[in-house]
Amino acid sequence: LTYAPTGGIVAALTTSLPEKIGGVRNWDYRFCWLRDATFTLFALMGAGYLDEGRAWREWLLRAIAGSPAQMQIMYGVRGERRLEEYTLPWLRGYEGSKPVRIGNAASNQRQLDVYGEVLDSMYHAHRAGIETDDADWRLDVALVNFLESKWDEPDEGIWEVRGGAKQFTHSKVMAWVAFDRAIKLSRELRRDDGDVQRWEKIRDKIHRQVCRRGYHRKKKAFTQSYGSDQLDASILMMPLVGFLPASDERVRNTIEAVQRDLTRDGLVLRYRPEKSGGDGLPGQEGVFLPCSFWLVDCLNLLGRKEEARALFGRLLDLRNDLGLLSEEYDPFAKRQLGNFPQAFSHVALVNSAQMLGGAASDVGERDKQSPINRARV
């Protein structure tokens, strides 16, 4: 999935393979999402592929160079910014799944979580031995300073909903990650130039807000957005990025709620479109494979290691004869769904394998062995 001339990594090689056979949830994934490529960088670095990680980081720096206000959530493999979406009505679509789409309108969305993922990747690239020079640091500062005035605004979130912006809990968690990693990188680079104390105050403010407004006491879980009682699998990232430990009662309750109420045949859904106020599209979708791997990680952090390994083994069994995965899976029809092969799914697999292979028992040690556990709590 890597384009060698630039180092860009596409989300998948296909367009419009449906998330539900015969449905309209069909997208063009032949582009470089900052979010997906960032997770990929963690997997590469954790496996010792620093040259590939360095090439991707150079692509990232070229793609997002300029004003932080103009940073997109996705680009073409050469850094192209114009990714207008249109349909090809004369094509039948895969098994009658229309429309067939070219381009992706999500390129124009605001997704605040990408700032956290980019800063997270920059921090861990530095930790892996990829040098952060003056230009890199200036970009990091520009990004986090821009986020300072935007983090509390609504956005379309990690799932790129087309039903309107909300105050998504996951977006706020990742805004916290952006400030947290900028603070850590500043100290490790010894560049405490006065911004750090301000960043610390914002980081702590975000943390307090998420804990107050993102947790639904009656539901006993962190929910999809402020004021909502709907679950969202993106909250499984909370302990994985170090926002709160898995042992925290609220996090443990959330993991158990997802496992109980947001699964289909034991595999994790992103959310339930029919119950979350709508995402702007009709119909349902399959279980989301990366989220199921996140559940593996969370179960492992809770000490439920046999259960984590059993779920991991089941997910491995879903691969095709070449060992490849798409984005989603239909556990009843027993077939893969969505674009293929999907970087996000394979990266989640690699990161889960690295976590399950670690022998350490505390978060600090796990961070050294597995890049998915990448924060000090």
Side-chain angles (χ1 to χ4, degrees), residues 1-17 19 25-44 51-91 93 99-122 125 130 135-136 138-140 142-143 146-147 150 155-162 165 174 178 280 326-327 338-347:
L1 300 175
T2 303
Y3 183 62
T6 65
I9 303 171
V10 297
L13 296 176
T14 57
T15 181
S16 302
L17 291 182
E19 296 173 2
R25 295 173 181 266
N26 318 316
W27 314 109
D28 191 348
Y29 274 17
R30 299 170 298 171
F31 306 110
C32 304
W33 269 257
L34 299 188
R35 178 187 305 111
D36 295 25
T38 300
F39 283 109
T40 304
L41 180 64
F42 295 139
L44 289 171
D51 288 343
E52 289 81 356
R54 188 176 290 107
W56 175 83
R57 198 191 69 141
E58 293 303 315
W59 173 89
L60 170 68
L61 293 174
R62 291 192 301 272
I64 67 176
S67 169
Q70 296 177 329
M71 189 178 85
Q72 298 182 180
I73 60 98
M74 57 190 288
Y75 298 87
V77 293
R78 297 182 180 87
E80 299 95 333
R81 301 176 63 90
R82 297 185 62 183
L83 309 177
E84 287 88 348
E85 181 179 308
Y86 58 96
T87 62
L88 305 180
W90 59 88
L91 292 181
V100 174
R101 303 180 197 265
I102 303 296
N104 199 306
S107 60
N108 297 318
Q109 287 187 350
R110 171 185 287 179
Q111 298 174 23
L112 294 174
D113 64 293
V114 297
Y115 291 91
E117 284 132 5
V118 168
L119 267 296
D120 203 7
S121 71
M122 298 295 282
I130 299 176
D136 300 339
R138 286 194 299 270
L139 176 60
D140 294 343
L143 291 175
F146 174 77
L147 186 61
K150 300 296 181 182
D155 71 328
E156 280 81 13
I158 182 174
W159 305 132
E160 304 179 347
V161 298
R162 300 194 177 193
M174 295 310 297
S326 63
E327 181 179 40
N339 285 305
F340 174 90
Q342 177 76 12
F344 215 2
S345 297
H346 292 90
V347 167

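Heads up: numbering here begins at 1 and tracks the sequence. Reckoned from all heavy atoms, side chains included, excluding hydrogens, waters and symmetry mates.
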Exercise. With R110, which residues qualify under side chain to side chain contact (heavy atoms under 4.5 Å, CB included), at least two apart?
Worked result: L112, K150, E153, D155, E156
Exercise. What residues form a salt bridge (charged side-chain N to carboxylate O under 4.0 Å, His left out) with D113, not counting sequence neighbours?
Worked result: R35
Exercise. Given side chains that start at C-beta, do those of L119 and L143 come closer than 4.5 Å, heavy atoms only?
Worked result: yes
For this session: Answer whether the closest heavy-atom distance between the side chains of M122 and L60 falls below 4.5 Å.
Result: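 They are in side-chain contact.
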Gap between atom [atom2] of [Y] and atom [atom1] of [X] - 0.5 Å precision:
X: T15; Y: L91; atom1: OG1; atom2: CG; result: 10.0 Å
X: L41; Y: E117; atom1: CG; atom2: CD; result: 12.0 Å
X: L1; Y: L13; atom1: CG; atom2: CG; result: 5.0 Å
X: F340; Y: T14; atom1: CZ; atom2: OG1; result: 8.5 Å

Problem set entry | Pairing residues for D140 by the side chain to side chain donor-acceptor pair (under 3.5 Å) criterion, not counting sequence neighbours |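 By the side chain to side chain donor-acceptor pair (under 3.5 Å) rule, D140 matches no residue at all.
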For this session: Let me see the working for W27 and R101 under side chain to side chain contact (heavy atoms under 4.5 Å, CB included), right down to the final yes or no.
Result: CA-CA 6 Å; W27 314 109; R101 303 180 197 265; 3.5 Å; yes
Looking only at heavy atoms, which two atoms of [X] and [Y] are closest? And how far apart?
X: D28; Y: N104; value: O-ND2, 3.2 Å
X: P99; Y: S16; value: O-OG, 4.1 Å
X: E85; Y: G103; value: CG-O, 3.7 Å
X: L147; Y: A178; value: CD2-CB, 3.5 Å
X: P68; Y: A142; value: CG-O, 3.5 Å
X: G338; Y: S326; value: O-CB, 3.8 Å

For this session: Sequence neighbours left out, what passes ring-ring contact (aromatic ring centres under 6.0 Å, His included) with Y86? Give chain and number order.
Result: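 None.
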For this session: Check ring-ring contact (aromatic ring centres under 6.0 Å, His included) between Y29 and all other residues, then give those that pass, not counting sequence neighbours.
Result: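 For Y29, the residues satisfying ring-ring contact (aromatic ring centres under 6.0 Å, His included) (neighbours in sequence not counted) are W33.
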Exercise. Parallel under 30°, tilted from 30 to 60°, perpendicular over 60°: which one fits the rings of W59 and W56?
Worked result: tilted
Extract all donor-acceptor atom pairs below 3.5 Å that involve side chains of residues 70-80 and protein atoms in other chains or at least two apart in sequence.
residue, atom, partner, partner atom, Å
Q72, NE2, M74, O, 3.0
Q72, NE2, R81, O, 3.2
Y75, OH, Q72, N, 2.8
R78, NH2, Y3, OH, 2.9
E80, OE1, V77, N, 3.3
E80, OE1, R78, N, 2.9

Exercise. What do the steps show when you test I102 against R30 for side chain to side chain contact (heavy atoms under 4.5 Å, CB included), and what is the final call?
Worked result: CA-CA 9 Å; I102 303 296; R30 299 170 298 171; 3.5 Å; yes
For this session: List the steps and the verdict of side chain to side chain contact (heavy atoms under 4.5 Å, CB included) for I64 and L34.
Result: CA-CA 10 Å; I64 67 176; L34 299 188; 4.0 Å; yes
Exercise. Can E52 and T40 be said to form a side chain to side chain contact (heavy atoms under 4.5 Å, CB included), step by step?
Worked result: CA-CA 10 Å; E52 289 81 356; T40 304; over 6 Å; no
